[in-house]
Amino acid sequence: ATEVYVTGTFDDWGKSTKLEKTGSVFMKKVELPIQNIQYKFVVDGDWIIDPNAPIETDSSGIQNNILVA
């Protein structure tokens, strides 16, 4: 991957947080509101979920990862 973003309900799915590449890992500290957050990663333009993190299906039938407050 050359470009990775994290986006979700915390930024109204605005793809506003670009992760920084350190070696072969992308990461960034992101301050989030204390509430349940649905999120996805955008990797080189493809919207993906992390299969190793909790997943929730939204009201439109779309799968997203979830952080529970």
Kindly say whether Thr2 contributes a backbone atom to a donor-acceptor pair with the side chain of Asp44 at under 3.5 angstrom? yes
Main-chain N/O of Val68 paired to Asn36 side chain as donor or acceptor, under 3.5 Å: no
Residues forming a ring pair (Phe, Tyr, Trp, His ring centres under 6.0 Å) with Phe41, sequence neighbours excluded: Tyr39
Pairs meeting criterion ring pair (Phe, Tyr, Trp, His ring centres under 6.0 Å) with involvement of residues 8-37, two or more places apart: none
For Asp58, what residues pass the side-chain contact (heavy atoms from CB on, under 4.5 Å) criterion, not counting sequence neighbours? Gln38, Ser60, Ile62, Asn64
Contacts of type side-chain contact (heavy atoms from CB on, under 4.5 Å), residue Val25, not counting sequence neighbours: none
Euclidean distance, Thr9 OG1 relative to Ile37 CD1, rounded to 0.5 Å: 4.0 Å
State, yes or no, whether a side-chain contact exists between Leu19 and Val6 at a heavy-atom distance under 4.5 Å. yes
Residues pairing under salt bridge (charged side-chain N to carboxylate O under 4.0 Å, His left out) where one sits in residues 12-31, two or more places apart or in two chains, turn out to be Glu3-Lys18
Indicate, with yes or no, if Ile55 and Val42 share a hydrophobic cluster defined by side-chain heavy-atom contacts under 4.5 Å among Ile, Leu, Val, Met, Phe, Trp and Tyr. no
Check whether Trp47 and Val30 end up in the same hydrophobic cluster, where Ile, Leu, Val, Met, Phe, Trp and Tyr are linked by side-chain heavy atoms less than 4.5 Å apart. no
Report the residues that fulfil side-chain hydrogen bond (donor to acceptor under 3.5 Å, both in side chains) with Thr7, sequence neighbours left out, ordered by chain and then residue number. Asp11
